[in-house]
Asker: 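Just passing along the structure, written as C-alpha cells.
What you see is a predicted model; the values in this text were computed from it and never measured. So you know, we letter chains A, B, ... as the sequences are listed, proteins then strands, and number each from 1.
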Amino acid sequence: MRVGATLLLLDGYCYQSYNWQILRPLGKLQNAVDILEQYQCDEISIIRPIRDKDDKTFLNDIKTVANLKSLTPISFGGGLRSQEHIDMLHKLPIERLIFSTPFIEQNTQLLQYAKNRFGNQAIQALLPFKELNNQIYIFHSANNSFIPLEQIDISFIDKYANEVILFDTKHEGDKNHFYRDILNKIDIPNHKIIISGGIGKDDIKFAQNNNLASVAIENKVLHTEYSIKEYKNG
Amino acid sequence: MAKQCKQCLYNDTHPFNLTFQDDLCSGCFTHNEKYEIDWEQKENELKELIKSIKKTNKTYDCIVPVIGDAEDYYTVSKVLDLGLNPLIVAVNDYFRTDIGWYNIHNLITTFDVDSLLYNPNLSVYKELIRTSLRKFDHILLPFLTLHTSFPVHIANQRKIPLIIWGQHQAIEQVGKFSHYDKAQMTKWSRIEHDLFGNDLKKLIGNGAQVLQKDLTYYCYPDIKSLDKHKVMGIYLSNYFKWDPLKQNHSVLQYGFQPQTNNSSFDIYERAGSSVYYQIHDLLKYKRVGYRKITDHLTREIRHGRITKQEALELEQYYTTTKVDIEPFFKWLGMSQSGIKWYILHQFKGYEHLIGTNNNPATIKLPHSIQELVITPKSPSKTFALFHKGVEI
C-alpha cells in the first residue's frame with residue numbers, strides 16, 4: 001500500500017484546510033514537495049480547492065506545477081473541467097489526474113478524452129464526503145454544495161476511475177478520525193480506494209488491513225519531522 | 001486592492017500570506033483559539049511528553065536556543081519550572097550591544113544553567129551578510145540560518161532529545177497552524193517560516209565567496225540522523241497561553257535589562273541588538289511594506305490592549321522614525337562613499353527615514369500597554385563582537 005500526501009494549491013500557493021471550512025496559509029509548493037521527497041512519500045496529490053464554477057487561478061496554478069521539480073509521482077486535480085485543461089496538463093510532470101465534478105456529472109466525453117491522453121491508470125475520482133446522521137453526502141464542487149450519495153452513480157465512477165479518493169471533509173485536518181464506515185456504504189472494490197481526510201496511524205493500519213490502494217495524509221504530514229516514516233511504521 | 005483584516009493591521013499582502021474567514025485574518029482567528037483552549041490540559045500533554053523523555057534520557061533533557069532577549073528569559077524559566085535540565089545554546093550574531101551581552105550572561109548566571117556559545121567565522125559570516133543584503137535586502141538571514149540549525153546539530157551530536165523554542169512565530173503572527181496541531185520544528189518549517197523560503201543554496205547561489213567546508217553549521221542536519229536520535233523540536237506557545245508583552249514584562253524580576261527603542265514601544269523583543277530596529281527594520285519596510293511596529297501593534301490589538309484606531313496612530317508615528325544605518329555599514333567594512341552609493345541606489349525613496357534619532361518617543365501609549373513598559377537603558381556600546389562580565 002502506498003502512503004502519500006495531499007497538498008492544496010490555489011493561485012500558486014499552498015494552503016491547509018480544516019474541516020472543509022477554514023483555510024490556513026502553508027507556503028511554497030516546491031518547498032513542501034522537496035521535503036515530502038525526503039520523507040520518502042510515495043505520491044503527492046496536488047488538489048486545487050475549487051469550490052464553485054468561478055475559477056480564475058487555473059493558469060497560474062498550471063505555471064506553478066510546470067516549474068515544479070519532483071521525483072515523486074504527482075497527481076493533480078481540482079477544477080479540471082475541459083479538454084483544453086487536459087491538453088495543458090499533458091506536457092507537465094503529472095502522473096495522474098484527479099476529477100470530481102466530471103464523475104458526478106457523468107461527463108463521459110471529458111473522462112474518455114483524459115483516458116486517451118493519459119491512460120486508464122491515470123484517472124482518479126475524488127469524492128469529498130461527509131457523514132450526517134448515518135447518511136453520506138458527496139460534495140459537488142461545481143455547485144459548491146453537498147448532495148446525497150444516492151444521487152450519484154457509483155457504478156459509473158467504478159467504470160471510469162482507476163482509483164477513487166474518498167475524502168472525509170468533516171475530519172479533514174484531524175488525526176485518526178477518518179470515517180471508516182464509508183467503505184461499507186460505497187460499492188467500490190477496496191483495491192481501488194484511497195482514503196484521505198483526518199488520517200492518522202490507526203487509519204493507516206486500517207487501510208493496510210483492508211488492502212486499500214493508498215492513503216493520502218493531508219495537513220499533519222508537515223507538522224512533524226520525517227512524519228511519513230512514523231506513519232508507515234505505524 | 002489588498003484585502004484588510006477587520007480586526008488587526010495586516011492585509012493579504014503579508015509576506016507569510018494570510019487567509020480570511022468572515023473578514024478576519026488567519027492570525028486573528030487563530031489567536032481566538034487561545035480563549036477556547038483548555039491550557040491546563042495542554043500543559044499536562046507537555047508534562048507527559050517530558051516524562052517519557054526523562055525516563056530514558058541520561059544527559060541534558062533539552063536544548064533551549066537563545067538570543068538573550070526577554071522571551072528567552074521567559075522560555076528558560078518555564079523550562080526550569082517543568083523540571084527540565086537544559087543546555088542553553090546561543091549563536092553570536094556579532095550585533096549585540098553591551099546590553100545584549102549583559103542580558104545573555106545574566107540569563108545564564110541567574111538561572112544557573114549550562115551554556116554553549118558558537119562564534120561563527122567572522123569573515124565567512126560577513127560575506128554571507130553581504131550576499132544576503134545584495135540578493136534579499138536582508139541582513140539577518142545568515143544569523144537566522146545558524147540560529148535554527150546550530151542548536152539542532154548540538155542536539156543531534158549529543159543525543160539530546162528535545163529542543164524547546166518559545167513562540168511559533170508563524171502561528172502567533174499569521175495562524176499558519178492551529179494551536180491544536182502542535183506543529184513541531186521541521187526542516188521544512190525552518191525554510192518556509194524561519195528563513196522566509198530561502199535555504200542556504202538560495203542564499204549562496206553563485207554570489208557568495210565562501211567555501212563549503214566553512215558552512216557545516218549553516219546546513220541543517222540530515223533528517224534521517226535526527227530521526228535516528230529521536231530529536232524533536234517543540235514550541236512552548238503550543239502548550240501555554242502566549243502573551244509576549246506581559247511575559248516579557250514579568251522577566252524583569254530576573255534582572256533582564258530592556259533597551260531603548262525608537263522604532264517601537266516594545267523594549268523587550270530583540271533588546272540588545274544593534275541592528276534589529278535600525279537597518280533591519282528599514283530593510284523590512286523596503287521588502288514587505290511595513291515596519292516591526294505593525295507586528296507589535298497587531299499583537300497588542302489581538303490581546304485587547306489597544307484599539308485598531310489607537311494602533312493606526314502609533315503605526316503612523318513609529319513608521320516615520322529615523323534609523324541609523326551607518327554603524328552597520330562601518331561594521332561591514334564599507335567606505336563612506338560606498339555607504340552614500342548604497343543609500344542613493346538601494347534606499348531610494350527611504351532617505352527621509354535615515355539618520356540618527358536619539359530622542360525618546362513622545363507619543364502616548366494606552367494605559368494597558370504603558371503599565372507593561374518601563375524606562376529602558378540606552379546601550380553605551382554597539383556591535384560588541386565579544387564580551388564577558390559586562391557591567392551596565
Asker: Among B/M232, B/M185, B/K224, who wins on heavy-atom pairs under 4.5 Å with chain A?
Answerer: B/K224
Asker: Kindly state whether the ring of B/H14 and the ring of B/Y290 have centres lying under 6.0 angstrom apart.
Answerer: yes
Asker: Heavy-atom distance under 4.5 Å to chain B: side chain of A/Q38, backbone, both or neither?
Answerer: both
Asker: Please state whether the side chain, the backbone, both or neither of A/K175 comes within less than 4.5 Å of a heavy atom of chain B.
Answerer: neither
Asker: Can you tell me which of B/I223, B/I234, B/L18 forms the most heavy-atom pairs within a distance under 4.5 Å of chain A?
Answerer: B/I223
Asker: What do you reckon, are the aromatic ring centroids of B/H168 and B/W242 less than 6.0 Å apart?
Answerer: no
Asker: Between the side chains of A/E37 and A/K69, is the shortest nitrogen-to-carboxylate-oxygen separation below 4.0 Å, so that they form an ion pair?
Answerer: no
Asker: A/H85 and A/F58: ring pair (Phe, Tyr, Trp, His ring centres under 6.0 Å), yes or no, with the steps?
Answerer: CA-CA 9 Å; A/H85 286 168; A/F58 189 82; 3.8 Å; yes
Asker: List the steps, then state whether ring pair (Phe, Tyr, Trp, His ring centres under 6.0 Å) holds for B/F196 with B/H138.
Answerer: CA-CA 10 Å; B/F196 314 100; B/H138 206 305; 5.3 Å; yes
Asker: Establish, yes or no, whether the cationic atom of A/K170 lies under 6.0 Å from the six-membered ring centre of A/Y179 and within 45° of the ring axis.
Answerer: no
Asker: Quick check on the interface: out of A/L36, A/D174, A/L23, A/D34, who has the most heavy-atom pairs with chain B under 4.5 Å?
Answerer: A/L23
Asker: Taking every non-hydrogen pair under 4.5 Å, which of B/S26, B/A183, B/S178 racks up the most with chain A?
Answerer: B/S178
Asker: Counting only heavy atoms closer than 4.5 Å, note whether B/F16 contacts chain A via side chain, backbone, both or neither.
Answerer: backbone
Asker: For chain A, which of B/K182, B/K176, B/Q184 has the most heavy-atom pairs under 4.5 Å?
Answerer: B/K176
Asker: Just give me the residue among B/D227, B/V231, B/V174 that pairs up with chain A most often, heavy atom to heavy atom, under 4.5 Å.
Answerer: B/D227
Asker: Could you check whether any side-chain heavy atom of B/K54 comes within less than 4.5 Å of a side-chain heavy atom of B/D61, counting everything from C-beta outward?
Answerer: yes
